[in-house]
Amino acid sequence: MRQNNSKPPIKKSASIIQQSSIYQGPVPDPVILQKFKEIDSSYPDRIFKMAEGHAKAADKERNRASFAMVAIPIIGQILTFLLGISSLALSAFLIIKGFPIASIIPLIAGFSPILIEAIKKIRK
């Protein structure tokens, strides 16, 4: 009997290699832009316009946030002052009209939010 020392047949298989690239930022690499241009010549210009639009929107949002960070505390301080003054004026009006006990209510209603916020800030 003869022994078969030959190697087993090699199995052939097909492979698919896929390459992908990732970029970060408003505009892709020039190589990627060139590939977009091969698809449609208007794509690179459209990508640049879209990036400019996103940059303008981001700037506008940052400006709004900056304004809100400055304006909201100032408006809050003004309204708090007006609340305190109006509660004092209402209390004085009630005292003049002969309602001294009722004059305590506007004082409590007007100054309790102010006092609560002051206590919160002191505790921090």
Side-chain angles (χ1 to χ4, degrees):
M1 214 183 232
R2 227 170 114 191
Q3 289 184 344
N4 190 358
N5 287 340
S6 65
K7 295 181 181 177
I10 298 174
K11 294 182 181 178
K12 295 182 180 180
S13 64
S15 297
I16 297 175
I17 298 173
Q18 181 178 358
Q19 180 180 357
S20 64
S21 60
I22 299 172
Y23 67 90
Q24 182 177 358
V27 180
D29 291 335
V31 175
I32 296 172
L33 278 175
Q34 184 62 35
K35 289 181 182 179
F36 278 122
K37 190 173 186 177
E38 291 171 4
I39 297 170
D40 185 347
S41 63
S42 68
Y43 281 176
D45 291 332
R46 291 165 59 185
I47 290 171
F48 278 113
K49 286 179 185 176
M50 183 179 66
E52 289 171 355
H54 284 291
K56 286 179 184 177
D59 286 342
K60 191 174 182 180
E61 187 62 32
R62 276 192 295 274
N63 289 340
R64 282 184 186 166
S66 297
F67 176 75
M69 289 177 68
V70 172
I72 289 175
I74 292 171
I75 292 170
Q77 291 172 353
I78 291 169
L79 292 177
T80 302
F81 176 75
L82 291 176
L83 177 66
I85 294 297
S86 63
S87 67
L88 283 174
L90 183 57
S91 293
F93 175 75
L94 289 172
I95 289 173
I96 291 171
K97 289 295 183 178
F99 301 104
I101 302 298
S103 67
I104 296 172
I105 295 170
L107 288 175
I108 293 171
F111 284 100
S112 61
I114 299 168
L115 292 174
I116 290 169
E117 286 302 316
I119 292 169
K120 284 182 183 177
K121 287 184 180 180
I122 290 171
R123 288 188 179 175
K124 287 183 181 180

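Each residue takes its place number in the sequence, starting with 1.
Rounded to the nearest 0.5 Å, atoms CG (L115) and NZ (K120) are 12.5 Å apart. The CD1 atom of I101 sits 10.0 Å away from atom CD1 of I95, with the distance rounded to the nearest 0.5 Å. For the atom pair CZ of F81 and CD1 of I114, the computed distance is 10.0 Å after rounding to the nearest 0.5 Å.
Cluster annotation: Y43 and L33 are assigned to the same hydrophobic cluster (Ile/Leu/Val/Met/Phe/Trp/Tyr, side-chain heavy-atom contacts under 4.5 Å, transitive). Under the 4.5 Å side-chain heavy-atom criterion for ILVMFWY residues, no single connected hydrophobic cluster contains both L88 and I108. Hydrophobic clustering of Ile, Leu, Val, Met, Phe, Trp and Tyr side chains at less than 4.5 Å, counting indirect connections, unites V27 with I32. Note: the hydrophobic cluster containing I74 also contains L82 (ILVMFWY, side chain heavy atoms under 4.5 Å, direct or indirect links).
P73 approaches A68 most closely through the heavy-atom pair CD-O, 3.9 Å. The shortest non-hydrogen separation linking A109 to P113 is O-CD, 3.3 Å.
Within the 4.5 Å cutoff, side-chain heavy atoms of L94 are placed close to those of P106. Side-chain contact check for I72 versus F67: every heavy-atom pair is 4.5 Å or farther apart. Inter-residue side-chain proximity for F111 and L83 is flagged as unmet; no heavy-atom pair is nearer than 4.5 Å. With a 4.5 Å cut-off on side-chain heavy atoms, S91 and I104 do not count as touching. The shortest distance between side-chain heavy atoms of R46 and D40 falls below 4.5 Å.
The salt bridge (charged side-chain N to carboxylate O under 4.0 Å, His left out) pairs that include a residue from residues 72-96 number zero, where partners must be two or more places apart or lie in different chains. The list of salt bridge (charged side-chain N to carboxylate O under 4.0 Å, His left out) pairs with a residue in residues 48-64, not counting sequence neighbours, reads D59-R62.
S41 contributes no side-chain N or O that, together with a main-chain N or O of K37, makes up a donor-acceptor pair within less than 3.5 Å.
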